[in-house]
Amino acid sequence: MNLHAIRAIYRFEMARTMRTLMQSIASPVLSTSLYFIVFGAAIGSRMGEIDGTSYGAFIIPGLIMLSLLGESISNASFGIYMPKWTGTIYELLSAPVSWFEVVIGYVGAAASKSVILGLLILATARFFVDYEIAHPVWMFGFLLLTSVTFSLFGFIIGLWANDFQKLQVIPLLVITPLTFLGGAFYSISMLPPLWQKITLFNPVVYLISGFRWSFTGRADVHIAISTAMTLGFLLVCLAMVWWIFRSGWRLRN
Amino acid sequence: MSSALANPLPAPQEADVVVSVRGLGKTYTGGFEALRNINLDIRRGEILALLGPNGAGKTTLISIICGIVNASVGQVTAEGHDIARDYRAARSAIGLVPQELHTDAFESVLATLRFSRGLFGKPADAARLEQILRDLSLWEKRNSKIMTLSGGMKRRVMIAKALAHDPKILFLDEPSAGVDVELRHDMWQMVRRLREGGTTIILTTHYIEEAEEMADRIGVVNKGELILVEDKHTLMRKLGKKQLTLTLQQPMQAIPQGLAGLPLELSDDGLTLVFTFDTQSEETGIADLLRRLGEQGIDFKDLRTSESSLEDIFVNLVRKGNAP
Ligand SMILES: Nc1ncnc2c1ncn2[C@@H]1O[C@H](COP(=O)(O)OP(=O)(O)O)[C@@H](O)[C@H]1O
Ligand SMILES: [Mg+2]
């Protein structure tokens, strides 16, 4: 293991976050606050409880996921896309590092940011609504697992993208709709039966459901299925990165 | 002649070879064949200049050795380690200053150096980095963001990054492209100092002057092929043409019949006659020329010889390589 290299990459990426603090941390916290004000306080006060939870508290896991997925993907994809774009990637490619060390450095940094962001949103939520966390360890575990998985997914997007537009198209056109439709703002059980079935093809449903279970103890899908689905996606992403570095696709050809 | 020269070098002692390239070829994804059957042994401690016109494949060759581009066929070892199978050991020994200026605009000079050293698996060493920065006149700029530096300074930063992990083999891709005289001078000095310290240096250039000034050996790359690798002095002796220039007493209208068949050229004013001969051949033909001049009654008041430069040699070679 080239630990020096992992640390160098991780530090470099964290320094980049610090330089763009407003963008990477402040803006998601602000936009989430706005969601709380609109959906939680204004509209939520006129909504009934869902599964015994106030609407404001109900949407917290979904809102965190909404930010977490978007930020994990955009941070990690940008982190590896930039060196490709500026050409500084030559150094990474010529360095004695394995694909896994590169992943730990870049994805580790992006996931760290996401975890910090998730905790900040959670803290922000306290100002707007009362909530309880039924399973704090699971909650943190899910936060971490999701951050890592989607940072890895973003890393792949950054490797794949060869222009700025491609970098943004997947978060915008795929992830955001899937999150909104994945039960961030409602329970799957509120949908007509046919849509309940269709929704189960949306992978984000499992994330939000699992994460919400760690808060409320209630879930649309069993927690074991949620965890397995997320872990499965993580493994698929890892295999893809392994293949990209092994074949040199869009890196060394 | 060029095919005889393209054969592998007279095999140096195994231990002397620091980079070995065998049967290397590269076809880019689009189908363009950038390199064809490259065989090359780089010797420990030498300065090897890869000379060739733009698009010849120099950058592709060193990018493969450094691990930036995958080879299509062939093997490369660095310090005896296969660059694909044993990439960690191979790459640890190598430093690269690429052709283009690629820098992290927002990083400070010192931070980017620390990054480079770490990336190559070396523990932090503030004193060593200070030394490198001082050698490259960058110490005063250590806390500046790279984007605030001039182009020449950025080039120095890239050199410093390549040296940050103390590589035994240093690749400099077009080090003088777009560089001012002062930096070029500094760079050449640095290269000599590194060589004295035992570092093997490979530079690519299309400035003949640079190869002539710096290199121990010269490899000529053209259209994806390594046409020859030769000791610089041997190369110049082997391929060098000498010219004998005669300044005449009386101008001539044309080269007289009696001198026909000789490799002669007459200047426009009819006052100088230039005779070209091969330093390698047994018979230079000078004696014959002088005898015939006497027979014709042509007097000359001055006579001097000149040697062809590496540039002439290079142009000659590349032209030959282009011939069908
Ligand atoms: N990534 C690439 N994809 C396709 N062709 C390339 C790529 N990089 C270089 N080439 C082509 O390969 C040839 C050799 O390029 P290069 O190695 O940069 O030459 P040099 O460094 O001698 O100028 C050129 O014709 C160039 O256009
Ligand atoms: Mg080049």
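Side chains are part of it too, since the values below use all heavy atoms of this structure and drop only hydrogens, waters and symmetry mates. Throughout, a chain's letter reflects where its sequence line sits, starting with A, and its residues are numbered from 1.
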> Does a sphere of radius 6.0 Å around CZ in B:F106 hold more than 12 heavy atoms from other residues, nucleotides or ligands, not counting ones at 6.0 Å or beyond?
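Result for CZ/B:F106: open.
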
> A:Y90 versus B:L96: any side-chain heavy-atom pair under 4.5 Å?
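A:Y90 reaches B:L96 side chain to side chain.
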
> Under the 3.5 angstrom rule, does the side chain of A:N2 hit a backbone N or O of B:F120 as a donor-acceptor pair?
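Checking the backbone N and O of B:F120 against the side chain of A:N2, no donor-acceptor pair under 3.5 Å is found.
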
> Return yes if some donor-acceptor pair links the side-chain N/O of A:R252 with the main-chain N/O of B:N70 below 3.5 Å, else return no.
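Such a contact is absent between A:R252 side chain and B:N70 backbone.
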
> I need the B:D104 CG to A:F12 CZ distance, nearest 0.5 Å.
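B:D104 CG to A:F12 CZ: 3.5 Å, rounded to 0.5 Å.
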
> Should we count CE of A:M14 as having more than 12 external heavy atoms under 6.0 Å?
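Yes - once you tally the heavy atoms of other residues, nucleotides and ligands closer than 6.0 Å, there are more than 12.
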
> A:T88 and side-chain contact (heavy atoms from CB on, under 4.5 Å): which partner among B:K161, B:H102, B:M158?
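For A:T88, the side-chain contact (heavy atoms from CB on, under 4.5 Å) test succeeds with only one of B:K161, B:H102, B:M158, which is B:H102.
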
> Against chain A, label B:K26 side chain, backbone, both or neither, depending on which of its atoms sit under 4.5 Å from a heavy atom there.
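Side chain only.
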
> Looking at A:A15, A:P83, A:S98, which makes the most heavy-atom pairs under 4.5 Å with chain B?
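Heavy-atom pairs under 4.5 Å are most numerous for A:S98.
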
> With rounding to the nearest 0.5 Å, note down the distance linking OH in B:Y87 to OG in A:S94.
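Separation between the atoms: 13.0 Å.
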
> Please check if atom CZ in A:F100 has more than 12 non-hydrogen atoms from other residues, nucleotides or ligands closer than 6.0 Å.
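It does not: A:F100 CZ has 12 such atoms or fewer within range.
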
> Taking side chain as everything from C-beta outward and backbone as N, CA, C, O, which of these in B:T29 sits under 4.5 Å from a heavy atom of chain A? Side chain, backbone, both or neither.
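For B:T29, backbone and side chain are both near chain A.
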
> Any side-chain heavy atom of B:F115 sitting closer than 4.5 Å to one from A:E91?
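Yes, side chains in contact.
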
> Looking at chain A, which one of B:S72, B:A89, B:P98 has the largest number of heavy-atom pairs inside 4.5 Å, strictly under?
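Going by pairs under 4.5 Å, I would pick B:P98.
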
> Answer with side chain, backbone, both or neither: which region of A:I89 has an atom nearer than 4.5 Å to a non-hydrogen atom of chain B?
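No part of it gets close to chain B.
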
> Between B:R91 and A:A95, is there a donor-acceptor pair closer than 3.5 Å when you use the side chain of the first and the backbone of the second?
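Looks like yes, one N/O pair under 3.5 Å.
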
> Below 4.0 angstrom, N of the basic side chain to O of the carboxylate: do B:E107 and A:R19 qualify?
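Salt bridge present between B:E107 and A:R19.
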
> Hey, is CH2 on A:W85 packed in by over 12 heavy atoms from elsewhere, all under 6.0 Å?
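Atom CH2 in A:W85 is not crowded, with 12 or fewer foreign heavy atoms closer than 6.0 Å.
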
> How about CZ on B:R85, more than 12 heavy atoms from neighbouring residues, nucleotides or ligands closer than 6.0 Å, or not?
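No, the 6.0 Å shell around CZ holds no more than 12 heavy atoms from other groups.
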
> Let me know if B:S116 has heavy atoms under 4.5 Å from chain A in its side chain, its backbone, both or neither.
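Both parts, heavy atoms under 4.5 Å.
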
> A quick test of your reading: do over 12 heavy atoms of other residues, nucleotides or ligands sit less than 6.0 Å from NZ of B:K168?
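No, NZ of B:K168 has 12 or fewer neighbouring heavy atoms, counting only those of other groups under 6.0 Å.
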
> Any side-chain heavy atom of A:N253 sitting closer than 4.5 Å to one from B:V69?
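SC-SC contact between A:N253 and B:V69 ruled out.
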
